[in-house]
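Here the structure is laid out as structure tokens; the discussion comes afterwards.
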Amino acid sequence: MANLKNKNLISISDYNKEEYLEILRIAEEFEKNPKQEILKDKVVASIFFEPSTRTRLSFESAASMLGAKVIGFSNPASTSQSKGESLHDTIKMLSSYSDIIVMRHSIEGAARYAAEVSSVPLINAGDGANQHPTQCMLDLYSILKTQGTLENLNITMVGDLKYGRTVHSLVQAMCNFNATFHFVSPNELKMPSSVKMYIKEANLNYHQYTDLNEVIPFSDIIYMTRIQRERFSDPLEYEKVKDSYILDAAMLKGCKNTMRILHPLPRVNEIAADVDKTTNAYYFQQARNGVYVRQALMAAILGVK
Amino acid sequence: MTTENKKELIVSAIENGTVIDHIPVNTVLMVLNILGLNDYEDEVLIGINLDSKKYSKKGIIKVRNKYFEQHDLNKIALVAPNATLIVIKNYEVVEKKSVEIPDKIEKILKCINPNCITNKEAIDSKFIVKEKDPLKIQCHYCEKTMTNIRFAE
């Protein structure tokens with residue numbers, strides 16, 4: 001059994017397959033019994049240098065359900081960083097007040113650096129455009145829950161595959177489980193070559209498409225992402241493709257019964273409201289799974305599970 | 001001893017010190033900067049556009065009374081991957097070392113990502129070498145992969 005005590009989670013590549021599976025196993029326990037006072041003598045520092053209400057509340061409710069005290073801030077303007085304190089000093093101070101730090105920061109690499117400075121373990125809740133490993137963990141958990149396995153699946157990813165950090169991390173993690181990847185995106189937002197190279201190095205296969213309809217019949221998971229206007233240098237290009245990657249209920253005819261649709265949320269219009277009522281929609285449960293996975297991470301890293 | 005070696009010894013003509021040979025012509029001045037030889041108080045001899053059997057033209061630097069540590073060698077490897085270090089004691093070549101790009105590079109490079117923590121706080125940079133030829137490195141902090149390198153000032 002993997003021992004995760006005091007192991008930081010900064011990047012999805014910090015953990016191996018055995019460690020992912022251990023977290024998912026513990027998350028399943030918490031899903032069955034989410035309220036356990038096993039962290040009642042622990043202090044969780046939840047420090048959000050940039051706003052992210054969804055992630056922060058997910059972490060804080062996970063900590064509260066385990067009986068931990070939560071300290072921290074969600075508005076950097078109220079911290080001494082606004083007075084010019086360095087991240088180094090803020091972390092030094094906070095790590096003497098808490099047993100574990102959950103940190104969100106707008107600067108890439110801030111989490112890795114903070115973990116080096118901190119005397120207590122640190123979970124990265126997002127560092128700029130770099131990593132958001134707990135999102136990836138909850139995606140893995142959602143795939144496991146809906147498919148009964150993580151092995152040998154057809155994973156389809158749709159939308160902004162160029163800039164979307166969640167899809168990059170998920171590819172990296174799913175390379176441990178013999179996945180076949182299907183990437184559907186406009187040409188401007190294709191999966192970066194570094195990610196495709198990673199798949200090749202793992203001796204796995206990927207396929208690229210521009211038409212979403214092509215992949216629906218054989219996908220086990222369809223992971224939708226939002227296409228953002230600001231990603232396009234030419235607004236006309238955006239207008240051309242903006243509606244091409246909208247999934248609606250009619251398109252789901254002929255899909256596998258077991259296929260499930262995931263989305264990191266918030267969605268804008270890329271999944272039509274009529275999909276919500278189908279058995280294939282899973283994105284709201286996916287968000288709820290985040291609480292169990294974060295409970296599992298905090299409990300495992302604090303050495304109580 | 002080969003003819004080339006003899007020639008190097010004659011050209012260097014230092015009793016004790018280091019000859020850095022086979023530097024690409026266009027990076028000789030960078031090698032000087034990286035090794036901090038601009039401020040070195042003893043004798044430094046620089047040769048540029050010397051004939052080379054291997055590379056047609058090469059650069060050479062001879063530093064009197066100085067021997068380099070491994071981390072200095074690593075710094076040179078980034079801009080002069082085929083450089084040879086010749087250690088000279090009492091006018092004799094006592095050791096020849098070839099340089100190799102290390103698996104990790106610390107301090108001397110700057111991350112090209114302007115939003116990387118290393119460009120925001122006073123932190124020494126760290127890079128993991130993913131590929132050596134052509135060079136591909138990844139920032140230890142922001143995880144950005146890059147093929148262009150920039151030296152820290």
Side-chain angles (χ1 to χ4, degrees), chain A residues 8-15 47 49-50 76 80-82 84-92 103-118 122 124 126-133 136 162-163 165-166 168-169 171-173 191-198 200-201, chain B residues 30 33-34 36 69-79 81 100-153:
Chain A
N8 299 312
L9 177 60
I10 308 303
S11 167
I12 198 65
S13 57
D14 292 349
Y15 282 28
I47 53 173
F49 292 94
E50 69 169 3
S80 47
Q81 286 244 321
S82 62
E85 185 178 54
S86 66
L87 178 62
H88 174 275
D89 291 3
T90 305
I91 296 296
K92 274 279 178 210
M103 185 178 95
R104 171 82 155 219
H105 206 292
S106 60
I107 295 171
E108 287 118 45
R112 179 76 63 198
Y113 175 61
E116 288 177 357
V117 171
S118 173
L122 189 140
N124 181 9
D127 62 328
N130 183 32
Q131 286 276 335
H132 189 9
C136 187
K162 186 173 180 183
Y163 298 101
R165 64 182 174 184
T166 55
H168 302 165
S169 298
V171 166
Q172 223 177 326
M191 192 61 92
S193 55
S194 57
V195 178
K196 291 187 279 195
M197 192 65 79
Y198 193 92
K200 283 283 158 211
E201 282 167 8
Chain B
M30 283 179 83
N33 270 325
I34 292 166
E69 302 290 335
Q70 187 58 45
H71 66 269
D72 291 322
L73 287 177
N74 295 344
K75 293 178 190 176
I76 298 168
L78 291 174
V79 292
E100 202 197 334
I101 291 170
D103 296 331
K104 284 184 184 170
I105 302 168
E106 295 189 6
K107 296 181 185 177
I108 60 168
L109 298 182
K110 185 177 160 66
C111 183
I112 60 166
N113 175 7
N115 200 38
C116 175
I117 188 74
T118 57
N119 290 319
K120 303 280 184 183
E121 294 218 0
I123 304 170
D124 287 335
S125 70
K126 283 186 204 166
F127 293 89
I128 300 138
V129 176
K130 306 295 269 186
E131 284 168 30
K132 294 190 177 179
D133 189 21
L135 187 64
K136 193 161 134 192
I137 57 175
Q138 185 182 32
C139 176
H140 164 75
Y141 291 101
C142 77
E143 302 186 20
K144 193 168 180 62
T145 302
M146 53 203 91
T147 50
N148 294 329
I149 60 168
R150 226 185 273 169
F151 285 91
E153 285 160 11

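These numbers come from the heavy atoms of this one structure, side chains and all, not from hydrogens, waters or symmetry mates. Note that this is a predicted model, so its numbers are computed, not measured. Lettering of chains follows the sequences in order, A, B, ..., and the numbering in each one begins at 1.
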Rounded to the nearest 0.5 Å, what separates atom [atom1] in [X] from atom [atom2] in [Y]?
{"X": "B:I117", "Y": "A:H88", "atom1": "CD1", "atom2": "NE2", "value": "11.5 Å"}
{"X": "B:I123", "Y": "A:R112", "atom1": "CD1", "atom2": "CZ", "value": "13.0 Å"}
{"X": "A:I107", "Y": "B:C142", "atom1": "CD1", "atom2": "SG", "value": "11.5 Å"}

Could you check whether any side-chain N or O of B:E121 sits under 3.5 Å from a backbone N or O of A:L87, counting only pairs where one atom can act as donor and the other as acceptor?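 Indeed, once roles are kept as given, a pair shorter than 3.5 Å links the two residues.
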
Under 3.5 Å, is there a donor-acceptor pair between the side chain of A:N130 and the main chain of B:C116?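 No; judged by distance alone, with no hydrogens or angles, the pair does not exist.
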
Pick from A:G128, A:S194, A:S11: which one has the most heavy-atom pairs with chain B under 4.5 Å?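 Between A:G128, A:S194, A:S11, the count favours A:S11.
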
If you count every heavy atom of other residues, nucleotides or ligands that lies below 6.0 Å from [X] atom [atom1], does the total exceed 12?
{"X": "A:K200", "atom1": "NZ", "answer": "yes"}
{"X": "A:K162", "atom1": "NZ", "answer": "no"}
{"X": "B:K107", "atom1": "NZ", "answer": "no"}

Name the region of B:K144, side chain, backbone, both or neither, that has any atom closer than 4.5 Å to a heavy atom of chain A.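 Contact with chain A: none, neither part.
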
At a heavy-atom separation under 4.5 Å, does B:N113 approach chain A through its side chain, its backbone, both, or neither? side chain

NZ/NE/NH1/NH2 to OD/OE distance under 4.0 Å, A:R165 and B:E143: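 B:E143 and A:R165: not salt-bridged.
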
